[in-house]
Amino acid sequence: MIFTLCGSFNDKKEQHETAKRLLSYALYRETGMVYEQQKIKKNDWGKPYVSAFPQVFYSVTHCSGAVAVGIAPCRIGVDAENIRGFSEAVAKRVCSDKEFRYIANSTDRNRAFFRLWTLKESYIKALGVGFSFPMREANFEIDEKLNVKTSLCGCRFRLIENKHGLIIAACIMSDDDSVGSFMLCDTAHTEI
Amino acid sequence: MFNVIRKALLEYVDVPESEITPETNVISDLNMNSYDFISLIGKLESELGIEIPERDLRQLDTVGSIDEYIRGKMKL
């Protein structure tokens, strides 16, 4: 399940704190775990995990106006970004030639870039290897209904956008379709 | 070199200049996200005329480590 929460948290510290509360809520709801009582370890690339629950995978992301947490029994990566002007230098570094053409041919080039960026970032977060993975090697095609096609094996991708310029992508390393659906939360009902 | 990196960093983060020291971790202390970090690396590459491959990014966690890495690259 991918828990997403939109709000007026623009300050990075507030986003971070909200994401931590949403993670605690999501872990308790999905697994019964009390996050605050757990010992957190990190893998060789710095990706955190709960040492007593190695079969529970989670990923946290935040940006201006939104936080999201993915919880799954398999590797999962979630990334949220606000659509804004993108750097050509970054695009050249992380996109394949075909993806570069997808951006160039789009009516909204910033949106096109950040769709690709969040997908790539979600994949890297699911792998748990940080910046060391060459992003250009994770290639994606996105249709007008936001269906994602990729040559990457053993994983599925989901992509959502809202009218306020927010994009959230998730990578779920499982063939089980029931894993990784989005849940839109609000502070009144999630009690985070 | 440290001042060049600090000046570049200040385009991405909103902290007082004096808070950026060699020990500052760009992700955990400055809350930079991945996109801003890769943008910073791209900016340093183009300003300094160097190439920083992905395999080396993992070691660039603090401002001091970026400084040391670039000095090594430029043989300063």
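No hydrogens, no waters, no symmetry mates; every other heavy atom, side chains included, goes into these values. Sequence lines set the chain letters: A, B, ... in the order given, protein chains first and strands last, and positions in each chain run from 1.
- Within residues 107-125 of chain A, the residues having any heavy atom closer than 4.5 Å to a heavy atom of chain B are A:F113, A:F114, A:W117, A:E121, listed by residue number.
- Within a 6.0 Å sphere centred on CD of B:E68, heavy atoms belonging to other residues, nucleotides or ligands number 12 at most.
- Transitive grouping of hydrophobic side chains (ILVMFWY, heavy atoms separated by less than 4.5 Å) brings B:Y69 and B:V4 into a common cluster.
- A salt bridge links B:E45 to A:R93: at least one charged side-chain nitrogen sits closer than 4.0 Å to a carboxylate oxygen.
- The CG atom of B:N31 sits 6.5 Å away from atom NE2 of A:H62, with the distance rounded to the nearest 0.5 Å.
- Other residues, nucleotides and ligands contribute over 12 non-hydrogen atoms within 6.0 Å of the CZ atom of A:R84.
- The line from NE2 of A:H16 to OG of B:S28 is 9.5 Å long, rounded to the nearest 0.5 Å.
- Enclosure of atom CG in A:D97 is not indicated, since only 12 or fewer non-hydrogen atoms of other residues, nucleotides or ligands lie within 6.0 angstrom.
- Within the 4.5 angstrom heavy-atom criterion, only side-chain atoms of B:F37, from C-beta onward, approach chain A.
- To the nearest 0.5 Å, the span separating CG on B:N33 from CG on A:D79 amounts to 8.0 Å.
- Other residues, nucleotides and ligands contribute at most 12 non-hydrogen atoms within 6.0 Å of the NZ atom of A:K20.
- No chain of hydrophobic side-chain contacts below 4.5 Å, direct or via other Ile, Leu, Val, Met, Phe, Trp or Tyr residues, connects A:I2 to A:Y49.
- At a threshold of 4.5 Å between side-chain heavy atoms, the hydrophobic network of Ile, Leu, Val, Met, Phe, Trp and Tyr places B:I50 and B:L44 in one connected group.
- Contact of B:L40 with chain A is not made at all, since no heavy-atom distance falls under 4.5 Å.
- Annotation for B:D14: atom CG does not count as buried by contact number, only 12 or fewer foreign heavy atoms lying within 6.0 Å.
- There is a path of hydrophobic side-chain contacts, each under 4.5 Å, that joins B:V15 to B:M32.
- A single hydrophobic cluster is seen to contain both A:I40 and A:Y25, as judged by linkage of ILVMFWY side chains at heavy-atom distances under 4.5 Å, directly or through other members.
- Of all non-hydrogen atoms in A:F133 and B:E54, the two that sit nearest each other are O-CG, 3.9 Å.
- Each of B:I38, B:L60, B:I41 has some count of heavy-atom pairs under 4.5 Å with chain A, and the biggest count is that of B:I38.
- Atoms CG and OG, on B:D36 and A:S87 in that order, are 10.5 Å from each other to the nearest 0.5 Å.
- Around atom CD of B:E11, more than 12 heavy atoms belonging to other residues, nucleotides or ligands sit under 6.0 Å away.
- Within the 4.5 angstrom heavy-atom criterion, only side-chain atoms of A:E81, from C-beta onward, approach chain B.
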